[in-house]
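Reviewing the structure listed below.
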Amino acid sequence: MKTTTKVGVISHKLKIYNQPYVTNGILKTLIEKNAPAYTIAELCKDGIVTPIKRWKIYINNGSSHRKDDYVIGSLYFGDEPYVFGGLHIYNLYHFTTQIAERYTIYNTTISGKKIIGHSKFIFKKVRPSFFYGIKTRMITGKLVNFMSPERALIELFKERENPEFIKGTPSNVDQTKLIKMAEKYCDKNILQRIKRI
């Protein structure tokens, strides 16, 4: 059997597996059983899988399931501290009408822009003390970390001197939680600005 045919068997098995994400271990097992002369790098080159984090987890391009940007970002960081924030989250909570081209992920290891499959990210490296006011949401079987509305509003006030579009406390923000969080984690200037909304 030619190597290309053997690779076709791997591709077919991944379509049957039909999970949107596949681990390095599963790929190694498929290669050992069906195309031992082949490598994971060649599977990537042939577009059968796309690396999320090399040697760890990949997008199964043969899966019919939708690939979720939040899940891909979460899988990239794995057990490392991370949280989705920034413009996309401000828009999600209706703090702004601006549309984000990229998803912002705050983390403790890397800064810069990255594209994984069709997902576009901005990674921002922060200190461990940055991680407060986080809520998790289950998306296609994966827990994903987001800034809570209160935490996102605090970060918005840190980023922008005068977010004019915030008129009063947004309906999805708990005023008591917001003030307590600001008192604990913000300087006096930001705290006073938040108290005035």
Side-chain angles (χ1 to χ4, degrees), residues 20-21 50 52-53 57 59 65-197:
Y21 315 104
T50 300
I52 293 175
K53 192 92 170 186
I57 193 147
I59 297 169
H65 293 287
R66 179 180 168 273
K67 315 310 184 287
D68 187 274
D69 300 303
Y70 291 124
V71 173
I72 289 170
S74 178
L75 289 171
Y76 182 85
F77 285 102
D79 294 330
E80 296 172 30
Y82 79 90
V83 66
F84 279 91
L87 187 56
H88 185 81
I89 298 301
Y90 303 153
N91 182 271
L92 183 71
Y93 291 143
H94 309 291
F95 299 163
T96 178
T97 55
Q98 288 178 279
I99 304 298
E101 183 183 307
R102 292 175 179 265
Y103 293 79
T104 301
I105 305 179
Y106 296 90
N107 67 91
T108 58
T109 55
I110 186 171
S111 289
K113 293 181 178 179
K114 189 169 184 68
I115 298 174
I116 303 172
H118 297 292
S119 303
K120 296 179 179 180
F121 299 103
I122 298 171
F123 296 151
K124 292 190 176 183
K125 186 177 178 180
V126 294
R127 294 178 180 184
S129 58
F130 183 89
F131 296 97
Y132 63 89
I134 294 173
K135 67 175 195 171
T136 57
R137 196 168 108 205
M138 185 71 76
I139 301 176
T140 59
K142 174 69 180 169
L143 280 175
V144 180
N145 298 335
F146 295 89
M147 285 184 176
S148 67
E150 296 77 22
R151 176 66 179 92
L153 191 58
I154 286 172
E155 196 61 27
L156 179 61
F157 271 84
K158 287 182 177 180
E159 288 178 7
R160 301 184 189 185
E161 185 62 34
N162 187 19
E164 302 91 358
F165 47 84
I166 302 291
K167 307 293 184 188
T169 306
S171 60
N172 56 346
V173 170
D174 182 311
Q175 176 75 15
T176 305
K177 281 184 185 176
L178 175 65
I179 297 300
K180 281 184 179 177
M181 203 177 286
E183 286 173 341
K184 186 172 182 180
Y185 296 104
C186 297
D187 62 35
K188 289 181 181 179
N189 176 43
I190 291 173
L191 176 59
Q192 290 309 312
R193 286 166 54 206
I194 286 172
K195 282 183 174 180
R196 285 197 296 267
I197 63 171

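Predicted model, so just to flag it, every value in this text is computed and none were measured.
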Do M138 and T136 pass the side-chain contact (heavy atoms from CB on, under 4.5 Å) test, and can you show the C-alpha distance, the side-chain angles, and the key distance before you say yes or no?
CA-CA 7 Å; M138 185 71 76; T136 57; over 6 Å; no
Are F95 and E155 close enough, and set up right, to give a side-chain contact (heavy atoms from CB on, under 4.5 Å), and what steps lead you there?
CA-CA 11 Å; F95 299 163; E155 196 61 27; over 6 Å; no
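Contact check for S119 versus Y103: no side-chain heavy atoms found under the 4.5 Å cut-off. In this structure the side chain of Y90 reaches within 4.5 angstrom of the side chain of E159, judged on heavy atoms. In this structure, L87 and T104 have side chains that are not in contact, with every pair of non-hydrogen atoms separated by 4.5 Å or more. In this structure, I197 and L153 have side chains that are in contact, with non-hydrogen atoms separated by less than 4.5 Å. Between N107 and Y76, every side-chain heavy-atom pair lies at or beyond the 4.5 Å cut-off. Using a 4.5 Å cut-off on side-chain heavy atoms (C-beta onward), R102 and I115 make contact. At least one side-chain heavy atom of D68 sits less than 4.5 Å from a side-chain heavy atom of Y21. Within the 4.5 Å cutoff, the side chain of Y93 has no heavy atoms near those of the V173 side chain.
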Which donor-acceptor pairs under 3.5 Å do side chains of residues 183-191 form with protein atoms, sequence neighbours excluded?
| residue | atom | partner | partner atom | Å |
| --- | --- | --- | --- | --- |
| D187 | OD1 | N189 | N | 3.2 |
| D187 | OD1 | I190 | N | 2.9 |

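For the pair N172 and E150, the tightest heavy-atom approach, listed with the atom from each and the gap, is O-OE2, 4.1 Å. Scanning all heavy atoms of the two residues, the minimum distance from N145 to I134 falls at CB-CG2, 3.9 Å. When all heavy atoms are compared, the tightest approach of A152 to I89 is CB-CG2, 4.1 Å. Of all heavy-atom pairs between Q98 and T96, the closest is N-OG1, 3.1 Å. Taking both residues in full, the closest heavy atoms of D69 and F84 are given as O-CZ, 4.1 Å, listed atom of the first, atom of the second, then distance.
Environment of NZ in K158: crowded, with over 12 heavy atoms of neighbouring residues, nucleotides or ligands closer than 6.0 Å. Within 6.0 Å of atom NZ in K53, more than 12 heavy atoms from other residues, nucleotides or ligands are found, so the atom counts as buried in its surroundings.
No cation-pi contact links R151 to F146, judged by a cut-off of 6.0 Å to the six-membered ring centre and 45° from its axis.
Checked by atom type and distance alone, the side chain of E80 never pairs as donor or acceptor with a backbone atom of T108 at under 3.5 Å. S111 places a side-chain N or O within donor-acceptor distance of the main-chain N or O of K125, the cut-off being under 3.5 Å. With hydrogens and angles disregarded, a donor-acceptor distance shorter than 3.5 Å links the side chain of S148 to the backbone of G133. Side chain of Y82 to backbone of S74: no donor-acceptor contact under 3.5 angstrom is found. A side-chain donor-acceptor contact under 3.5 Å links K67 to the backbone of H65.
Separating the NE2 atom in H118 from the CD1 atom in I72 is a distance of 9.0 Å, to the nearest 0.5 Å. Note: F131 CZ to M147 CE = 8.5 Å, rounded to the nearest 0.5 Å. Summarising the geometry, atom CD1 belonging to I99 is positioned 4.5 Å from atom CG belonging to N91; distances are rounded to the nearest 0.5 Å. The CD1 atom of I59 sits 4.5 Å away from the CD1 atom of I52 when rounded to the nearest 0.5 Å. Rounded to the nearest 0.5 Å, atoms CD1 (I105) and CD1 (I110) are 10.5 Å apart. Distance check, rounded to the nearest 0.5 Å: OG1 of T50 to CD1 of I57 gives 12.5 Å.
When the side-chain hydrogen bond (donor to acceptor under 3.5 Å, both in side chains) test is applied to Y70, the partners found at least two apart in sequence or on another chain are H88.
Ring pair F121/F123 is parallel by interplanar angle, where below 30° counts as parallel and above 60° as perpendicular.
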